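Remember, it's 1-based here, ligands and their atoms both numbered in the order they're listed. Keep in mind that what you see is a predicted model, and the values were worked out from it rather than measured.
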Amino acid sequence: MLKPSYIRVIIDRSIHRELDYLVPETLVERIDVGSRVRVPFREKSALATVVALLPESNAQGIRPIEAVLGDKPILSKPLLELARWMSDYYCCPIETVMRSLLPQVIRRAEVGWKKQLFVRRAREITFVDVEKLRKRAPKQAELLEALARLTEPVAAADFLRQHSLDNQTLRAVVKHGFAVMEEQAVQRDPHGDEKFIATENLVLNEEQTAALRMVQDALAAPNESKPILLHGVTGSGKTEIYLQAIKLALAQKRNAIVLVPEISLTPQTVERFKSRFAEVQDDVAVLHSHLSEGERHDEWHKIHSGRARIVIGARSAVFAPLENLGLIVVDEEHETSYKQEEAPRYHARDVAVLRGKIEKCVVLLGTATPSLESYFNATRGKYQLATLTKRVDENQMPLIRIVDLRQERRKEKAAAILAGKLRDAIADRLEKREQTILFLNRRGFSTSLLCSNCGESRDCPNCSVALTFHRGAARLSCHLCGHTAAVPKKCPDCGEDALIYSGFGTEKVEANVTQIFPQAVVRRMDADSMTRKDAYRETLRNFRAGKIDILVGTQMIAKGLHFPNVTLVGIINADLALHLPDFRAGERTFQLLTQVSGRAGRGETAGEVFVQTYTPFSPSIQFARHHDFAGYFQQELEFRERCDFPPFKHAVLITVRSAHEARSKFSAGTLARRLKEALPNEFILGDPTPAPLEKLQGQFRFHILIRGEAIMRLSRLIREVLDKLPFPEDVAVAVDVDPYQLL
Ligand code: ADP
Ligand code: ZN
């Protein structure tokens with residue numbers, strides 16, 4: 001008789017603890033680490049993931065599991081190891097980590113394969129059979145003829161459509177025993193109706209060859225390879241290197257994951273990858289947030305079953321259940337959208353690096369503007385560095401001109417949205433039939449509505465920000481919580497007819513540009529104008545086709561788009577990102593200016609960029625203007641070191657929030673005192689302070705910022721303090737390790 005065995009599981013509930021169960025003998029064979037099981041929990045059943053097989057257990061009142069789900073573990077051992085690491089590093093319960101690792105549709109196991117009716121011939125069909133029906137039921141005769149020619153089962157719907165026949169006819173034929181209908185599982189392929197033409201490897205230039213060789217060497221020695229940081233200016237051919245690197249991995253019979261920021265997971269990007277690997281198109285799986293549950297289910301299983309060999313996706317694709325991983329590419333590694341802003345608050349680039357270490361695969365981080373952290377790692381020898389200094393087409397880097405808005409203001413009294421020089425440049429492009437992009441990272445028409453009599457502004461009742469006026473929708477709206485309100489005619493506070501609209505967003509830029517250049521075709525691309533499903537694709541298509549002269553937009557247009565005919569880029573206000581209370585403000589501004597500038601002059605003609613700013617001499621702007629990454633890195637690094645900020649120290653931001661201001665403040669104070677007792681001196685503990693965005697969605701927020709080098713230890717100490725401290729029911733505490741959102 002087999003010895004009864006035990007398992008340890010993590011159930012899909014927040015109980016902060018692992019539980020042991022007994023495995024009935026009949027199920028022993030089917031279970032392994034990573035299997036999904038159904039177990040009794042309290043009075044009900046719960047789903048759980050197996051994390052260990054045990055020869056024995058000394059847990060009290062142990063109960064047997066109810067069922068094993070699926071025929072193969074859902075989670076590989078390396079992924080489980082990754083989950084443990086994330087739990088420790090990000091100071092986050094493992095069951096919360098699991099929620100990110102396994103898509104909901106997989107965890108709940110409710111959505112299955114899509115079933116479709118197929119039709120096949122049930123017996124030989126003769127000439128006589130057909131003729132017998134010809135008079136009485138000509139449709140059926142027609143169907144029989146088609147059926148006779150069938151060599152394999154086909155989807156009933158397709159079959160009927162092809163022959164312009166209806167369901168009723170098919171049912172009659174089935175009834176007469178000529179055909180049978182069967183359900184078959186089919187795969188939902190979000191890109192199924194597209195055909196791709198295979199593209200060949202391009203001949204690499206010298207710099208590209210050196211970079212690819214680095215990947216090749218790393219693939220050859222997976223045990224000792226360090227992550228590779230590929231720093232290449234915009235248009236230097238990084239994507240071509242990703243494509244060829246993947247080919248190398250595939251040739252070794254290993255698989256690859258490509259992470260791209262959600263925002264640049266455009267049809268254009270996906271197409272580039274699918275085309276290169278057109279012979280193996282089915283092997284490419286795509287994961288992004290717009291998939292339906294069914295599509296997500298199918299893509300996930302395609303990966304899990306080993307059919308997909310390349311996965312392209314946004315942040316969470318770093319958890320794609322690919323086995324035998326050879327390469328993880330992280331494109332635009334500096335992008336903050338790789339950071340998840342809810343628990344587990346992980347950074348996909350950092351998780352990729354760790355997964356690479358666990359699975360002994362090569363990690364390739366690419367960007368035109370490396371994050372300070374990554375570049376610092378490269379200078380310290382933790383990463384290898386490959387550099388591409390030239391654009392592939394040998395085009396000049398765009399010429400960046402700074403427009404000092406202070407001077408403009410002196411010249412034109414009322415500040416215009418577009419300075420005179422930028423207006424002239426646009427007029428010039430219109431004449432030459434070249435295209436312009438205008439960038440402003442703020443939606444809406446006016447950013448606030450003030451009363452010139454009493455001075456009150458229309459603020460969000462839930463958040464400490466002003467409501468934005470949207471002219472198209474004719475409403476005021478809060479960009480943080482979505483609250484909307486009618487636009488008052490008179491000041492609701494003092495009753496005077498003295499409301500003034502101030503500040504501007506993309507909607508007003510569009511209106512302004514249309515007014516100045518009535519002959520131009522102007523389109524806007526932001527979250528407000530792109531609500532229709534295909535609007536994004538359509539606008540880009542029209543822009544590419546030259547049907548749009550001027551494209552106005554938010555960050556939606558800042559990245560990864562290639563338009564050879566764009567020769568002018570205007571950055572309407574470079575100061576927006578610069579003055580946020582965030583130690584990364586300078587870094588973000590530098591990145592943004594460099595990235596947006598990269599949209600200009602990708603064709604034959606050199607590009608020109610106008611940067612409008614009130615602080616023309618700020619280092620981020622000056623270094624970006626001279627395309628001087630090294631200079632910018634050096635000065636930014638000095639600042640970070642002086643202030644004990646990353647990459648010299650890790651930061652942990654704790655947010656305490658509650659609908660009651662006093663309770664939030666009190667809890668933050670208590671927590672800070674406990675932390676002070678628990679943390680040794682090597683950690684720098686800040687005082688609890690109201691968050692810069694003090695009120696958000698009706699919650700009052702307090703921050704505690706801690707910095708230190710030994711992040712694993714710091715995480716553990718914080719966890720211990722939090723576990724012992726009872727917070728009132730209506731107070732929530734969030735721990736953010738390596739935070740990117742300091743508001
Ligand atoms: P990046 O990703 O660095 O912005 P891309 O990989 O998109 O740059 O390359 C820019 C353009 O140059 C693309 O149209 C690409 O097809 C082309 N390209 C890249 N490498 C080469 C090469 N070695 N020879 C010719 N064209 C290339
Ligand atoms: Zn709000």
Side-chain angles (χ1 to χ4, degrees), residues 197 199-213 229-247 258-261 264 266 268-273 275-276 329-335 364-370 386-395 397-398 443-444 447-448 457-468 470 475-485 544 558-566 591 594-604 607 629 657 659 691 693-701 743:
I197 299 166
T199 56
E200 295 285 325
N201 279 355
L202 300 174
V203 180
L204 300 182
N205 63 32
E206 215 167 292
E207 289 184 330
Q208 285 177 311
T209 307
L212 188 68
R213 177 143 339 111
L229 177 62
L230 176 61
H231 176 201
V233 297
T234 46
S236 58
K238 295 184 290 294
T239 311
E240 183 61 30
I241 294 176
Y242 306 155
L243 292 166
Q244 299 199 20
I246 295 169
K247 247 194 185 153
V258 183
L259 300 183
V260 296
S264 47
T266 55
Q268 216 181 351
T269 313
V270 174
E271 196 175 304
R272 238 173 130 182
F273 283 86
S275 305
R276 182 62 56 90
V329 173
V330 184
D331 186 27
E332 312 278 6
E333 67 84 25
H334 65 279
E335 266 289 315
L364 179 60
L365 314 174
T367 172
T369 51
T387 313
L388 309 178
T389 55
K390 289 193 286 289
R391 286 186 162 190
V392 169
D393 47 17
E394 303 272 333
N395 266 349
M397 295 303 282
R443 300 184 282 126
T447 46
S448 66
S457 69
R458 297 293 104 215
D459 291 341
C460 176
N462 313 316
C463 311
S464 35
V465 294
L467 295 172
T468 301
H470 289 255
R475 306 263 314 159
L476 298 175
S477 99
C478 171
H479 289 179
L480 296 174
C481 73
H483 172 85
T484 73
R544 180 178 312 281
K559 325 247 148 81
L561 303 173
H562 309 269
F563 301 107
N565 200 34
V566 173
Q591 288 169 348
T594 308
Q595 295 284 346
V596 177
S597 307
R599 303 303 121 223
R602 285 181 153 240
E604 309 277 275
F629 178 82
R657 61 184 159 84
L693 197 62
E694 192 173 351
K695 194 175 167 204
L696 177 66
Q697 302 182 334
Q699 303 264 313
F700 292 89
R701 308 157 72 243
L743 298 180

Any nitrogen or oxygen of [X] lying under 3.5 Å from a nitrogen or oxygen in ligand 1? Just yes or no.
X	result
Thr234	no
Val203	yes
Leu202	no

### Task
Run down the list Ala368, Gly366, Gly235 and name the one with the heavy atom closest to atom 4 (O) of ligand 1.
Gly235
### Query
To which of Pro564, Ser236, Gly237 does the heavy atom nearest atom 9 (O) of ligand 1 belong?
Gly237
### Task
Show your reasoning for whether side-chain contact (heavy atoms from CB on, under 4.5 Å) applies to Leu230 and Leu388.
CA-CA 8 Å; Leu230 176 61; Leu388 309 178; 4.0 Å; yes
### Query
How many degrees, to 10°, between Cys478 SG and Cys481 SG as seen from the Zn ion (ligand 2)?
110°
#### Entry: Atom CZ of Arg213: over 12 foreign heavy atoms under 6.0 Å
no
### Query
Any salt bridge between Lys238 and Glu332, counting N to O under 4.0 Å?
no
### For Arg701 against Leu743, the heavy-atom pair lying closest together
NH1-O, 2.8 Å
### Task
List the atom of Gly366, the atom of Tyr242, and the distance in Å for their closest heavy-atom pair.
CA-OH, 3.3 Å
### Proximity to ligand 1 by part of Arg272, non-hydrogen separation under 4.0 Å
side chain
#### Entry: Distance flag, aromatic centroids of His334 and His231, threshold under 6.0 Å
no
### Message
Under a 4.0 angstrom heavy-atom cut-off, which atoms of ligand 1 come close to Glu240?
### Response
6 (O), 19 (C), 20 (N)
